J.: 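Take this structure first; my questions come after.
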Amino acid sequence: MCSNASQAGDIIKIMPNILIVEDSPTVRKMIMASLKSLGAAFSEAGSGLEAMEKLTRVRIDAVTLDLNMPDMHGMEFMEFLKSHDSFKDIPVIVITTHGENIAEKVLEAGADRFIAKPFTPSELLHAMQSLLDDK
Amino acid sequence: MEEFSLDDFIEDFLQEATEHLQSINSNLLSLERILTCQGKPEESVESYTSLISELFRSFHTLKGLSGMVGLRTAEELSHVMESVLRDIQKEKMEVNQEVIDRLFEGTKTLKTVVVGFVNHGQKTHDIQGMYDYISKLLDTPNTNPTTPQEGAIKSPPQEQFVQQPTQETETNGHEQDSTQTLEDTLNLYPEVKSLLEKEDYDNLYSAIESGKFAYLVVFSPSTDKAEHGKNVSQLREQMSEGGVLLKSIPLIKKDNVRFAFLVSRSKPLPVEVFQDAEVTPLKEDGIRILKSDSETPEAIPAPEQPLAPTTHPVTTSLRIDLDKLDEVMRLVSELVVVKSRIDDQVTKLASSKDDGKENSIEILEQSVSQLDKNLRDMRAAVTRARMVPLSEVFNHMPLVVRDLTRAQNKEVRLVLEGEHTQIDKVMIERLLDPLVHLVRNAVTHGIENRAERTAAGKPAFGSLILRGTWEGDQILIELADDGRGIDADQIKEKAVQLGFLEPGQTVDETNLIELLAKPGFSTLDEAHLGAGRGIGMEVVLRNIRAVGGSIELDTKPGIGSVFRLLMPLTLTILDAIIARVGSERYAIPRHTVEEVIEIDPAEVIKVESGEIIPFRSQPLVLIRLSDLFHLPHAERDSANMG
């Protein structure tokens with residue numbers, strides 16, 4: 001029993017936990033499907049507030065972030081993330097429908113990658129893979 | 001994997017898209033109500049802004065979703081409507097009837113595109129006409145600061161349709177004073193106070209002044225709370241049901257996050273919220289006393305339903321409350337425990353000599369009766385998990401009524417009652433078409449036009465009430481209109497003409513429905529605009545009866561009609577009475593059994609056409625199951641009637 005538990009603990013330790021912040025459940029599912037081959041665990045949040053709550057409770061290794069959400073805009077969430085020492089190193093991929101013109105603004109605010117919707121599973125996978133490798 | 005395999009997501013896409021389309025329609029209806037000033041004024045301020053932003057978000061999400069599944073047409077249409085909403089948000093455009101009409105039309109096309117795609121994989125749909133029709137709104141800005149359009153909603157909307165003393169005295173010192181008072185209360189939470197803007201205070205005041213309950217709710221998330229399903233989303237949901245979230249403020253101290261909410265509601269907050277968060281009521285503070293000298297208008301509580309109800313469409317998948325699933329899970333684990341106890345005893349019994357058997361048998365009996373109880377609970381829990389509110393069908397009706405009344409130039413006020421009554425998901429699916437048909441009929445044939453109504457001394461607008469209530473283990477759905485009623489004589493005459501009825505035969509209300517369902521009458525329906533576009537009365541009857549429901553009609557010429565649909569709550573598991581005939585067994589659904597009586601064979605009287613028995617001093621025809629199902633005649637005694 002004991003050895004099993006510690007093995008499980010080890011697995012959890014090496015398994016990255018990705019927070020998916022996105023208000024559409026369908027798109028959340030698509031993001032998870034795209035990243036399936038990473039063998040990561042996922043935490044889901046349907047709004048910025050929910051994401052902040054998750055962040056304070058669970059260890060997060062990377063974030064995918066939608067911008068237009070109820071409660072709190074994705075940019076606000078990113079500002080929070082990047083202004084706190086314990087979170088500022090978590091890589092963020094912004095995935096949004098806003099088109100390329102917002103990309104610059106998003107990257108300036110501290111996002112590590114920008115992906116426009118509709119995205120393909122492979123572009124998201126590659127972006128996430130390279131961010132996790134860099135860590 | 002270059003693209004998503006659509007099959008994996010098509011059901012999710014349909015469900016989510018349908019939810020947004022429903023929510024758009026219901027929000028557009030609310031917006032239209034505000035525009036035509038039918039809504040209560042105090043509703044308007046809070047709901048206008050949230051309606052616009054909800055509409056914007058729905059179109060925005062639909063755009064993103066459609067793009068993800070490669071449905072370009074829907075993506076473009078959503079995009080152009082999203083742009084309209086953005087212009088409204090940015091006050092570049094005013095909301096008027098034309099804007100609402102075009103958004104309604106655009107949403108209809110969007111729905112056609114989505115459904116065509118999901119059902120037939122159709123990706124090319126000619127949307128250019130609709131796209132241009134909508135984008136014309138963007139080309140011709142309709143805001144004119146000097147001469148506002150008649151009947152238009154200006155932004156900010158407060159100026160247009162809210163009559164509140166504070167709004168008129170906005171710049172004098174009066175409001176400043178009251179702001180101070182509220183700030184005193186908020187001093188308890190300096191972090192919150194520093195983040196509040198003037199607009200937030202204004203919103204709070206309007207809410208408190210109109211007699212609503214206002215609260216400051218502070219929630220600290222924790223792993224423990226989260227494990228019990230208590231998180232910020234669940235709290236938000238509890239607070240916003242029947243109320244409005246005026247402001248959400250995250251409070252950040254180092255790595256510790258709390259959330260502060262300002263909420264206004266027509267009813268007090270549910271108890272659970274008080275248990276899970278710190279709640280400070282903002283009602284009983286100095287504001288009332290201070291305001292009492294300035295003739296506060298009589299408090300009118302807002303309606304209980306949320307201002308912008310989020311509605312759920314009829315789809316084949318079902319989202320289940322985690323609580324409901326947890327309950328099922330808990331029962332399953334109990335069952336597993338009981339089963340292993342039984343297994344143990346059976347093993348013991350098999351290996352033991354006579355002396356240990358008695359004890360094992362006793363334990364076995366206990367376990368079996370426990371298992372029996374668990375199974376019953378399990379069945380009840382699964383049934384509950386399948387339950388959804390009637391609002392899933394009821395919420396379609398306002399749009400149906402709107403479209404018909406506009407086409408027929410009538411005015412109809414639809415009232416929905418008991419839409420929270422829960423019914424099996426399968427029943428909901430079977431109910432939609434029949435109810436739409438009955439509502440169409442009521443508006444088209446039942447309710448008279450304005451002139452006719454006025455001449456008959458009725459109010460110019462017709463009333464339609466759709467109500468759901470529990471009725472024992474069934475659900476009663478009533479649709480009542482105050483229209484012209486159904487003229488039995490006219491129907492009879494037509495029935496005789498068509499050969500469905502002998503001249504002189506009487507018609508009561510039950511077989512009036514049967515007659516209305518005859519083919520000839522359906523054709524009559526179809527000649528009318530509106531009615532008959534979906535399904536005929538015959539299909540209504542068939543659908544309702546197919547799921548064990550029944551339908552009754554109560555009609556009075558000149559006064560109106562009431563259709564009563566009695567539906568079983570669920571179809572999954574039915575209580576049945578088992579009857580045995582010879583070696584055959586029959587299960588008769590219990591809700592169809594009116595009474596069980598024992599027949600004394602000596603009382604059976606043979607008549608020319610069969611057999612009868614005396615029942616409450618009346619002859620009752622006796623039909624033997626063996627005759628009905630052409631079974632070989634077994635011995636006929638009372639034991640076989642069980």
Side-chain angles (χ1 to χ4, degrees), chain A residues 22-37 43-60 66-73 76-77 79-81 83-88 95-99 115-126, chain B residues 1-5 8-17 19-20 50 53-54 56-57 60-72 75 78-79 82 219-227 231-236 240 245 247-252 254-259 261 319:
Chain A
E22 161 67 60
D23 61 331
S24 156
T26 310
V27 176
R28 283 206 298 270
K29 234 175 147 176
M30 289 171 160
I31 293 175
M32 289 189 277
S34 313
L35 301 177
K36 203 175 155 196
S37 63
S43 294
E44 297 176 59
S47 74
L49 285 185
E50 219 180 296
M52 289 181 74
E53 191 197 33
K54 285 270 156 68
L55 203 61
T56 54
R57 283 197 296 106
V58 221
R59 194 206 70 228
I60 300 293
D66 183 21
L67 292 186
N68 209 298
M69 289 178 301
D71 279 338
M72 186 197 258
H73 198 265
E76 271 181 83
F77 174 74
E79 274 163 30
F80 162 76
L81 204 69
S83 61
H84 281 76
D85 285 347
S86 22
F87 306 130
K88 69 178 190 328
I95 307 176
T96 188
T97 21
H98 282 287
I115 291 180
K117 273 185 208 164
F119 61 87
T120 64
S122 55
E123 71 177 309
L124 175 58
L125 179 66
H126 290 145
Chain B
M1 185 163 66
E2 255 317 300
E3 276 205 336
F4 288 99
S5 147
D8 296 344
F9 301 103
I10 200 84
E11 183 61 37
D12 297 271
F13 169 71
L14 176 65
Q15 167 139 6
E16 202 178 332
E19 276 180 23
H20 283 291
S50 68
S53 66
E54 259 184 61
F56 174 81
R57 278 205 327 102
H60 180 80
T61 309
L62 277 171
K63 179 172 93 172
L65 269 178
S66 309
M68 290 303 299
V69 297
L71 188 56
R72 289 282 304 163
E75 191 184 354
S78 310
H79 173 75
E82 179 197 7
F219 177 72
S220 324
S222 71
T223 315
D224 187 46
K225 283 180 188 164
E227 272 168 10
N231 54 41
V232 70
S233 308
Q234 185 244 7
L235 186 80
R236 265 176 57 86
S240 48
L245 264 186
K247 184 101 177 169
S248 317
I249 309 163
L251 305 172
I252 304 143
K254 292 191 182 151
D255 298 340
N256 163 22
V257 179
R258 290 185 301 159
F259 301 96
F261 299 96
R319 287 188 187 171

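Just so it is clear: chains get the letters A, B, ... in the order the sequence lines come, proteins before strands, and each one is counted from 1. Note that the structure is predicted; figures quoted are calculated from it, not measured.
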J.: Does any pair with a residue in residues 44-56 of chain A pass salt bridge (charged side-chain N to carboxylate O under 4.0 Å, His left out), and if so which ones, sequence neighbours excluded?
T.: A:R28-A:E44
J.: When only pairs under 4.5 Å are counted, which of A:R57, A:M69, A:E76 shares the most heavy-atom pairs with chain B?
T.: A:R57
J.: Run the side chain to side chain donor-acceptor pair (under 3.5 Å) test against A:S24 and tell me which residues pass, sequence neighbours left out.
T.: B:E16
J.: Give the member of A:L49, A:L55, A:V27, A:L125 that has the highest number of heavy-atom pairs under 4.5 Å with chain B.
T.: A:L49
J.: Select, from B:S220, B:G64, B:S53, B:S233, the one with the greatest count of heavy-atom pairs under 4.5 Å involving chain A.
T.: B:S233
J.: Side chain, backbone, both or neither: which part of A:M72 has an atom under 4.5 Å from a heavy atom of chain B?
T.: side chain
J.: Any salt bridge between B:R72 and B:E75, counting N to O under 4.0 Å?
T.: yes
J.: Between A:K29 and B:D8, does at least one N-O distance fall below 4.0 Å, as a salt bridge requires?
T.: no
